[in-house]
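So you know, we letter chains A, B, ... as the sequences are listed, proteins then strands, and number each from 1. Note that the structure is a prediction, hence the values are computed from the model and not measured.
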Number of protein chains: 2
Amino acid sequence: MTGEKIAQAPGIMREEGIDLWLTFVRESEVSRDPALDLILDANCTWQSAFMIPVDGRPVAIVGSLDETRIRDAGGFEVIGYTKGIGASLIEQLERHSPRTIAVNFSENDVTSDGLSHGMYLILEGYLGGTPFAGRLVSSEGLISKLRGRKSPEEIRRIKKNIDLTEEIFDRVTAFMRPGMTEREVAAFILSEVDRLGVETSWERELCPSVFTGPESAGAHAGPTDRVIEPGHVLNIDFGTRAERYCSDMQRTWYFLRKGETAAPPEVLGPFDTIRDAIRLAAEAIRPGMQGREIDAVARDHITGKGYPEYPHALGHQIGRMTHDGAGLLCPEWERYGTLPYLEIEENQVYTLEPRITIPGFGVATMEEIVAVRKDGGEFLSHPQTEIILSG
Amino acid sequence: MTGEKIAQAPGIMREEGIDLWLTFVRESEVSRDPALDLILDANCTWQSAFMIPVDGRPVAIVGSLDETRIRDAGGFEVIGYTKGIGASLIEQLERHSPRTIAVNFSENDVTSDGLSHGMYLILEGYLGGTPFAGRLVSSEGLISKLRGRKSPEEIRRIKKNIDLTEEIFDRVTAFMRPGMTEREVAAFILSEVDRLGVETSWERELCPSVFTGPESAGAHAGPTDRVIEPGHVLNIDFGTRAERYCSDMQRTWYFLRKGETAAPPEVLGPFDTIRDAIRLAAEAIRPGMQGREIDAVARDHITGKGYPEYPHALGHQIGRMTHDGAGLLCPEWERYGTLPYLEIEENQVYTLEPRITIPGFGVATMEEIVAVRKDGGEFLSHPQTEIILSG
């Protein structure tokens, strides 16, 4: 897939007015630029420059001990050095004479922000006194488009992980019952992950996250020894990783109390509101819109029903990683910087994951996955339409 | 161990004239500041500030969804935020009023350079108009000392990995014979790693590296289908990871040709030179010296015997990772920046790994591990004194 992305880059560079894309890294095993995964299936040790010109052959300048493995990884003409990279770097820049050089720093998007501040200072040092010093721009737009625009093969891989996740959700529905702890549920899910020979989408300690009942630990916490009781709303946040891609989904269950045959209205109201908010957002999403507009569709639906707004974004892009592409469906809050205003593009893949806390019961939240098509969002997951009842 | 390092920090901050150490990170699972491992056993999602004052309680400002897991990880008083970190960050800085604020950027040391350039710009933005904007300094010296000065417990963990590595080297000696490929030897080592229930020190594709015979792939390349033949010099670069610490070692073998009972003089000359270079460097190393001085001891011994100098540093520090601490035993080459001049300190742990290529035979190289004591280097590994003969 790195070859596919290297080939895709020049077209986007033309759109963005970028003459050369420079990925400048060192000791990538210790500190890996997240964008390096797009173009290289290997690590490098010393200062290394991966240069993709808008016209011409991609070139990598790497330490002499790395030459073989970078050449073997493919995609780049490889130039080795022993004592310092500076001279070769300037020489290659002079050969291409780029007017704009995109490098991997970004205030808004962590996946486009792999250049460390120290490496930025080093690069400034090499370029000092050359015309290139003033030509550095952020590669944020380029990387965001490159990550976001999924090929059919990329969408197939995401879909595969969604299918695996839904299969495991079905098994956990049959497994769970009152008296079990969150940890036991998580252990069962991990045993299914291992049985299927795949990995978890994020760190195993937090994937799955399992939350049962009122005042549970809250998102981004690991499963605890809290016991499932009748009357609990329970939710699970989970995804698998296979073929280097991943999924990220949430489902909500209700544990019936004695004599109940359905969840009570206090639970069904929030559940239905979440479900409808997701449906409305999926219908509304279109290429050319901004992320904040789609977030507002879901957020306004929820607050319009009298429920509190969720304290996070409606959804993020997914693919190679759980946040794969800058564009985010988020409100205009300080911490989101310019992300709410980025343009939604065709073939991006987003999660939709609003939540409502139900006092005395737990948290209702579903997380579905849609691909952006010309005429709206296409669900890649099978959206949860009813709260799953367990007893 | 994070608690131990947090407790160790203020003493070093006093030496370095630092009033507050700020680790500023976001989405640490996607892009992890290598120094975060020193102080936190968890990940965080939104912009997060980990502040250790020279006097007073460490404070973490994190996104509201992360509050529970960061509090559970321990070591910090936790302050949560929902919409943006800026106000809390300034408030905490005003409370401590530091004259120098060390942040994680460094031109010389990748393990002290976890602050991305985008995050640096964001921090500049928050601090704009406050007196703190001009008080940012590199935390390179602090982190280097913090990583480098190993506690007895840290040295015990490194030693454990050395013992495991030496045990596996013994087994591979009994296993290898002519006709096997580098890949078969690597697979055997990995099966031993799995049997012992530990991990490899670096990525499995390159750990172990196995190089047999002349013109092999060269350092930093993975094992190939090249077949071991009589008359080959073979070397392996390998280490294990257990209890969050690691080892990194190399050994050299010779495969006897028909009628031989010893390696030929063309092989023994370089082997003995490497061995002696390591011994001389271990005897010379002392607190207060500079890395370049120890590199020169080994390099001069080798060139003095008429062999070419090795194209890399003599050794690096080891611990939590294979490069754990800035100080490096290296020559004064451009790519090493200021590293050759850093002071060697007591209880640092270094590898010693010179090499000589032997035309027509292969590469002789050993990698030993020493702890720096007041009166010289104490070998934590059992140094290889004779080339291992296989037939």
**Gap separating the CZ atom of A/Arg26 from the CG atom of B/Asp109, nearest 0.5 angstrom** = 7.5 Å
**Item:** Separation of A/Ser106 OG from B/Ile122 CD1 (nearest 0.5 Å)
**Value:** 7.5 Å
**Request:** Using a strict cut-off of less than 4.0 Å between a Lys/Arg side-chain nitrogen and an Asp/Glu carboxylate oxygen, indicate whether B/Arg69 and A/Glu203 qualify as a salt bridge.
**Result:** yes
**Asked** How long is the gap from CD on B/Glu29 to CG on A/Leu206, to the nearest 0.5 Å?
**Response** 7.5 Å
**Request:** Name the member of A/Thr111, A/Ile70, A/Val30 that forms the most heavy-atom pairs with chain B at distances under 4.5 Å.
**Result:** A/Val30
**B/His312 and A/Trp46: CA distance, side-chain angles, deciding distance, side chain to side chain contact (heavy atoms under 4.5 Å, CB included) verdict** = CA-CA 10 Å; B/His312 51 67; A/Trp46 301 337; 4.3 Å; yes
**Message:** In terms of relative ring orientation, are A/Tyr120 and B/His117 parallel, tilted or perpendicular, with 30° and 60° separating the classes?
**Reply:** parallel
**Message:** Under a 4.5 Å cutoff for heavy-atom pairs, which residue among B/Asp72, B/Thr82, B/Thr322, B/Asp113 has the most contacts with chain A?
**Reply:** B/Asp113
**Fill in**
The interface call for B/Asn104 against chain A, heavy-atom contacts under 4.5 Å, is neither
**Message:** Below 4.5 Å, heavy-atom pairs only: which of B/Arg32, B/His323, B/Gln47 has the largest tally toward chain A?
**Reply:** B/His323
**Item:** Heavy-atom side-chain proximity of A/Pro34 to B/Ser31 below 4.5 angstrom
**Value:** yes
**Complete:** CG (A/Asn43) and CD (B/Glu205) are apart, to the nearest 0.5 Å, by 9.0 Å
**Message:** For a 4.5 angstrom cut-off between non-hydrogen side-chain atoms, does B/Met119 reach A/Val110?
**Reply:** no
**Prompt:** Side-chain contact, heavy-atom cut-off 4.5 Å: A/Glu334 with B/Tyr126?
**Reply:** yes
**Prompt:** Roughly how far, to the nearest 0.5 Å, is the NZ atom of A/Lys83 from the CH2 atom of B/Trp333?
**Reply:** 5.5 Å
